[in-house]
Amino acid sequence: MLELRLLQGSLLKKVLESIKDLVTEANFDCSATGFSLQAMDSSHVALVALLLRSEGFEHFRCDRNISMGMKLVNMAMMLKCAGNDDIITIKADDGGDTVTFMFESPNQDKIADFEMKLMNIDSEHLGIPEAEYQAIVRMPSSEFARICKDLSTIGDTVIISVTKEGVKFSTKGDIGTANIVCRQNATVDKPEDAIIIEMKEPVSLTFALRYMNSFTKATPLANIVTISLSSELPVVVEYKIAEMGYIRFYLAPKIEE
Amino acid sequence: VNQQRQITCFFTPN
């Protein structure tokens with residue numbers, strides 16, 4: 001028996017909106033730790049890892065570890081039927097082949113049940129080792145989204161370079177080139193407006209903008225995005241989910257051959 | 001030419 005009651009149902013709605021175009025189907029895993037997902041896009045270039053910790057739920061019952069295969073566009077469609085202020089409860093029976101999403105309006109005058117068929121999904125769970133990154137950039141998530149959107153009007157790939165001068169996002173395309181440099185500015189009025197760059201050594205990597213733009217669909221989940229770069233690893237673009245966990249997008253770099 | 005790598009080049013199955 002699984003029963004997870006999330007007071008801030010909008011978080012789950014936002015999570016699905018941020019991943020449904022990247023990943024078609026995925027197993028949601030539930031254990032005492034929380035509600036989680038790890039999935040790759042169909043071309044295995046990007047990976048998303050989601051964790052919503054059990055403590056973040058108002059009620060969290062998960063009698064045994066369970067993995068529920070879902071088609072994400074279908075799940076997103078159902079969650080779209082929940083109001084932004086609704087409480088969402090996810091319910092499933094052990095060994096069952098359906099999951100139920102229950103939506104309660106804030107004043108309890110409307111209660112809706114949406115039952116969705118589960119599917120069997122063969123998916124490999126990859127081990128993601130703890131790693132030291134050469135550079136970690138924290139910046140306003142809206143600023144990062146803006147940069148990715150702007151650059152993708154010029155080119156298909158972005159070179160992200162971190163030096164002691166700051167972080168530079170560059171692209172080039174048929175019509176020309178673009179460079180956007182963001183310098184560290186830790187002394188702003190609001191901490192969420194700060195750009196903070198932790199650099200152990202300079203790093204420069206090339207990524208497909210199509211994926212970066214897809215990741216920025218998670219912008220409504222967090223004011224700050226953290227971009228971790230290392231020349232030997234996929235970049236990690238992380239959005240913390242208030243008090244609950246995170247959504248992390250991993251993207252393999254493009255390598256010059 | 002930039003060649004796109006895959007995630008599985010970096011992370012291996014558990």
Side-chain angles (χ1 to χ4, degrees), chain A residues 22-23 27 29 36 38-49 65 67 122-131 133 155-160 170-173 204-212 215 228-237 248-257, chain B:
Chain A
L22 185 66
V23 174
N27 284 316
D29 299 313
S36 64
Q38 189 201 84
M40 281 186 280
D41 78 298
S42 58
S43 47
H44 293 192
V45 169
L47 179 146
V48 55
N65 291 0
S67 190
D122 275 331
S123 72
E124 282 181 324
H125 202 272
L126 301 181
I128 302 172
E130 283 289 313
Y133 285 90
D156 297 330
T157 60
V158 58
I159 302 172
I160 306 179
S170 313
T171 193
K172 63 170 183 236
S204 182
L205 287 160
T206 304
F207 300 102
L209 272 168
R210 184 165 72 84
Y211 288 97
M212 285 292 181
F215 303 163
S228 303
L229 297 145
S230 190
S231 47
E232 302 301 319
L233 288 169
V235 63
V236 192
V237 178
R248 289 178 187 150
F249 298 99
Y250 296 81
L251 178 61
K254 290 186 152 205
I255 305 276
E256 207 158 330
E257 303 230 321
Chain B
V1 182
N2 282 323
Q3 191 75 32
Q4 176 65 63
R5 306 297 302 277
Q6 289 196 322
I7 285 288
T8 41
C9 300
F10 300 91
F11 301 149
T12 50
N14 267 340

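Note that this is a predicted model, so its numbers are computed, not measured. Convention: sequence-line order gives letters A, B, ...; per-chain numbering from 1.
Using modelled atom types and a 3.5 Å distance limit, the side chains of A:Tyr133 and A:Ser231 yield no donor-acceptor pair.
Residues A:Leu251 and A:Ala46 approach most closely at CD1-CB, 4.2 Å, considering heavy atoms.
Contact of the A:Asp156 side chain with the A:Leu209 side chain is not registered, since no non-hydrogen atoms from C-beta on lie closer than 4.5 Å.
In this structure, A:Asp29 CG and A:Asn65 CG are separated by 8.5 Å, a value rounded to the nearest 0.5 Å.
When heavy atoms are compared at a cutoff of 4.5 Å, A:Glu124 approaches chain B solely by way of its side chain, counted from C-beta outward. Both the backbone and the side chain of B:Phe11 come within contact range of chain A, judged by heavy atoms closer than 4.5 Å.
Taking A:Asp41, A:Leu233, A:Val45, A:Leu47 one by one and counting their heavy-atom pairs under 4.5 Å with chain B, the maximum is reached by A:Val45.
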